[in-house]
2 protein chains.
Amino acid sequence: MLGKRQNEMLKIIVEEYIKTAKPVGSKSICDSLNCSSATVRNEMAYLEDIGYLEKTHTSSGRVPSELGYRYYVDNLMKPKELTGEEVLTLQTILSNQSLELSDAITKSMEIISELTNYTSLVLGSSISDNRLKKVEVVPISDNSVIAIIITDKGHIENKTIAINENISVDEIRKMVDLINNLLVGTLIDEVNKKLEFEIKPIIGKYIKQQEAIYNMFYNAFNEMTSKKDNYHFSGKTNFLKAPEFDSADKVRSIVDKLEDKDVISSIEETSSGINVYIGDESNIDSDVTVIKTKYIVNGEEGTIAIIGPKRMKYDKVIGMLEYIKGEIEK
Amino acid sequence: MLGKRQNEMLKIIVEEYIKTAKPVGSKSICDSLNCSSATVRNEMAYLEDIGYLEKTHTSSGRVPSELGYRYYVDNLMKPKELTGEEVLTLQTILSNQSLELSDAITKSMEIISELTNYTSLVLGSSISDNRLKKVEVVPISDNSVIAIIITDKGHIENKTIAINENISVDEIRKMVDLINNLLVGTLIDEVNKKLEFEIKPIIGKYIKQQEAIYNMFYNAFNEMTSKKDNYHFSGKTNFLKAPEFDSADKVRSIVDKLEDKDVISSIEETSSGINVYIGDESNIDSDVTVIKTKYIVNGEEGTIAIIGPKRMKYDKVIGMLEYIKGEIEK
DNA sequence: TTTAGCATTGTCAATAGTTGAGTGCTAATT
DNA sequence: AATTAGCACTCAACTATTGACAATGCTAAA
């Protein structure tokens with residue numbers, strides 16, 4: 001545990017660095033600490049020894065290490081209250097009765113992205129733990145129907161199916177009946193296995209154009225499981241304006257990561273506090289921090305996240321996420 | 001019109017520059033033209049005079065101007081045939097019967113993005129010229145239903161509606177009947193106007209919780225019209241690896257543009273040839289070229305586009321787009 | 001019309017010198 | 001025992017300066 005002055009000093013250094021993006025020198029902070037720059041230097045050397053500060057080169061000022069940020073977030077920082085104005089902006093969205101909840105969440109995260117100038121992400125939960133609830137068929141014209149697949153947790157997928165000599169509405173309905181009778185309750189991930197081993201063998205008895213229709217549904221379920229598109233970014237490049245992202249390579253590599261569905265789904269949070277992943281922990285870039293939390297509202301769960309530079313206004317962002325999480329969960 | 005040698009020379013310079021990204025000097029190409037570097041220089045000076053070439057500084061080699069690229073594309077270049085391997089890869093997708101057409105298009109453009117290392121875009125047509133065909137309601141649980149909105153051109157939008165004390169399934173059905181009786185055939189863009197002026201005034205007679213239900217549908221239609229999400233990128237940052245995109249600012253600005261829905265929808269192409277928009281014409285960046293074409297398949301239309309550096313392999317890309325367009329339109 | 005030859009131009013990379021902000025350490029001070 | 005003043009030292013960042021080089025334009029000869 002650090003002494004009082006050391007705490008104060010680390011806090012000042014982190015916040016100064018967050019503000020200016022420049023290594024913090026001893027002279028610049030000795031006023032705020034009421035002591036000489038030499039004293040500051042001694043303390044700084046100690047904080048560096050125990051791994052909370054770093055230098056960019058032998059004679060540079062100090063920069064917080066990842067450990068330093070961590071200590072700051074865990075012990076020195078207090079989440080910042082939102083301003084009246086901010087609360088107002090968010091309330092007009094959150095209290096809009098005619099907005100569906102998930103839309104309200106997305107909209108408020110868009111606002112937060114604008115207010116903070118970082119990137120926001122709303123990530124619906126993966127559907128692999130959803131179970132098939134039912135399949136519906138709706139004819140929409142003489143030569144097409146929509147098949148609607150519904151899961152127990154409310155995920156919906158629709159797929160338009162063309163009708164032709166090979167495929168009749170009647171046959172599709174028979175297939176749907178089969179599925180509804182035999183596969184309801186199956187994990188979405190496993191529907192296709194069952195489709196292949198339980199439905200396919202008996203399908204010939206009921207349906208003429210088995211091959212075409214079987215493929216149709218096989219594909220529809222396949223799409224549903226492979227679809228990880230259940231997310232929504234806002235301000236995707238906002239934070240990349242910070243001076244630490246000054247190389248084309250770096251910008252490209254981060255943008256690439258934010259396009260990568262595997263990376264995105266790895267952001268899904270499982271614990272419900274406000275969790276802070278600093279630098280390398282973010283799995284995106286050593287200069288990036290991700291702050292996220294899981295929300296659960298009547299059974300539906302998801303992750304909301306703010307992605308920004310490691311040199312991020314932690315107090316502000318954590319305050320906002322706490323607020324939003326609180327609001328949507330009631 | 002240029003002379004024979006001038007044509008040849010411009011072609012060589014453009015292709016050399018596309019390959020190396022370095023200004024082309026007189027010495028390096030005099031062998032291919034069977035004349036001395038001095039002669040090349042004289043001709044180069046002429047091509048520069050008439051605006052087809054540029055210099056990066058007084059004593060640098062030459063670089064094609066936008067006009068030069070244009071002339072190259074219009075007069076000097078021949079679309080390149082696909083290799084057997086490429087045709088094969090694309091055919092396995094295009095001939096897969098169980099893929100819906102739009103999926104097949106998206107998939108093949110993904111392949112093309114990989115084959116060329118540029119960015120591909122499939123852009124569904126805007127739905128503003130669609131007309132309302134019908135609205136369906138499907139109950140999915142005790143406390144929710146899906147409303148499905150279908151247009152004459154086959155666009156489908158679904159929206160989950162929560163049922164509670166305020167909103168009953170019965171009332172929703174009544175509303176849907178009203179809409180299906182009175183608004184079918186209306187342009188999607190105008191549905192909400194009609195909803196407000198034709199349905200709202202008479203709604204009270206039939207439905208109790210008019211306000212809530214009215215808002216529900218108003219929002220659903222609103223979402224449908226404002227949703228321009230009908231597009232699909234592949235390899236969004238591929239081409240940014242080219243050496244001309246070496247500044248963080250440039251990368252950021254292009255990525256920003258490719259995130260911007262207004263920019264994306266401005267890419268929609270109205271003419272059906274293969275159209276080439278070079279540099280500033282691309283509306284994205286002076287170093288970017290967009291090559292695109294419109295396709296129409298049984299009533300449904302859309303745009304496919306390749307986005308890459310101005311220094312792009314025009315022959316390859318144009319060849320591929322021609323091929324794909326031909327394939328999907330049959 | 002083409003080409004050889006030459007002065008000229010601007011880029012690039014290397015080198016060197018200067019400045020200034022910052023450090024660490026030691027010895028004196030409180 | 002803690003603080004501070006003072007001083008030597010380090011390094012990045014900036015500014016010239018230089019030479020090598022790859023082009024050019026132009027002129028005069030072929």
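Every chain is numbered from 1 and lettered A, B, ... according to where its sequence line falls, protein lines coming before strand lines. For clarity, every value in this text was computed on a predicted model and none was experimentally measured.
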Report yes if some heavy atom in the side chain of [X] is under 4.5 Å from a heavy atom in the side chain of [Y]; otherwise report no.
X: B:Glu327; Y: B:Leu90; value: no
X: A:Thr289; Y: A:Tyr69; value: no
X: A:Val73; Y: A:Ile318; value: yes
X: A:Ile291; Y: A:Tyr118; value: no
X: B:Pro309; Y: B:Asp287; value: no
X: B:Tyr277; Y: B:Ile284; value: no
X: B:Val40; Y: B:Met44; value: yes

Whole-Å gap separating [atom2] ([N]) and [atom1] ([X]):
X: A:Met44; N: D:dT3; atom1: CE; atom2: P; value: 16 Å
X: B:Glu54; N: D:dA23; atom1: CD; atom2: P; value: 18 Å
X: A:Leu33; N: D:dA2; atom1: CG; atom2: P; value: 17 Å
X: B:Lys22; N: C:dC12; atom1: NZ; atom2: P; value: 10 Å

[X]: which residues meet the side-chain hydrogen bond (donor to acceptor under 3.5 Å, both in side chains) condition with it, sequence neighbours left out?
X: B:Asp246; answer: none
X: B:Ser234; answer: none
X: A:Lys310; answer: none

Can you pull every protein N or O that's under 3.5 Å from an N or O on nucleotides 8-15 of chain D?
from   : atom 1 : to      : atom 2 : distance (Å)
D:dT10 : O3'    : A:Thr58 : OG1    : 3.0
D:dT10 : O2     : A:Ser59 : OG     : 2.6
D:dC11 : OP1    : A:Thr58 : OG1    : 3.3
D:dC11 : O5'    : A:Thr58 : OG1    : 3.3
D:dC11 : O4'    : A:Ser59 : OG     : 3.4

Residues that B:Lys107 engages under side-chain contact (heavy atoms from CB on, under 4.5 Å), provided they are two or more places apart: B:Ile93, B:Leu99
Stepwise side chain to side chain contact (heavy atoms under 4.5 Å, CB included) check, A:Leu53 with A:Leu10: CA-CA 8 Å; A:Leu53 294 179; A:Leu10 186 52; 3.8 Å; yes
Residue pairs involving residues 36-47 of chain B (criterion salt bridge (charged side-chain N to carboxylate O under 4.0 Å, His left out); sequence neighbours excluded): B:Arg5-B:Glu43
Short side-chain N/O contact from B:Lys55 to OP1 or OP2 of D:dG25, under 4.0 Å: yes
N or O in side chain of A:Arg62 less than 4.0 angstrom from C:dA21 OP1/OP2: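 The answer is no; no side-chain N or O of A:Arg62 sits under 4.0 Å from OP1 or OP2.
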Contact residues, residues 23-31 of chain A to DNA chain C [heavy atom, < 4.0 Å]: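 Contacting residues: A:Gly25, A:Ser26.
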Nucleic acid contacts - residues 8-19 of chain A versus DNA chain C, non-hydrogen atoms under 4.0 Å: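 Listed by number, there are none.
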Residues which pass salt bridge (Lys or Arg N to Asp or Glu O under 4.0 Å) with A:Asp285, listed by chain and number, not counting sequence neighbours: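 If we apply the salt bridge (Lys or Arg N to Asp or Glu O under 4.0 Å) test to A:Asp285, skipping adjacent residues, the hits are A:Lys250.
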Got a list of side-chain donor-acceptor pairs under 3.5 Å for residues 11-19 of chain A, not counting sequence neighbours?
from    : atom 1 : to      : atom 2 : distance (Å)
A:Glu15 : OE2    : A:Tyr72 : OH     : 2.8

Degree of bending, the helix from C:dT1-D:dA30 to C:dT30-D:dA1 (end axes from five pairs; round to 10°): 20°
Salt bridge (Lys or Arg N to Asp or Glu O under 4.0 Å) evaluation trace for B:Glu86 with B:Lys316: CA-CA 11 Å; B:Glu86 289 165 347; B:Lys316 185 95 204 163; 2.9 Å; yes
Taking N or O atoms only and anything under 3.5 Å, show me the protein contacts with nucleotides 1-5 of chain C, one pair per line.
from  : atom 1 : to      : atom 2 : distance (Å)
C:dT3 : OP2    : B:Ser36 : N      : 3.3
C:dT3 : OP2    : B:Thr39 : OG1    : 2.4
C:dG5 : O6     : B:Arg41 : NH2    : 3.4

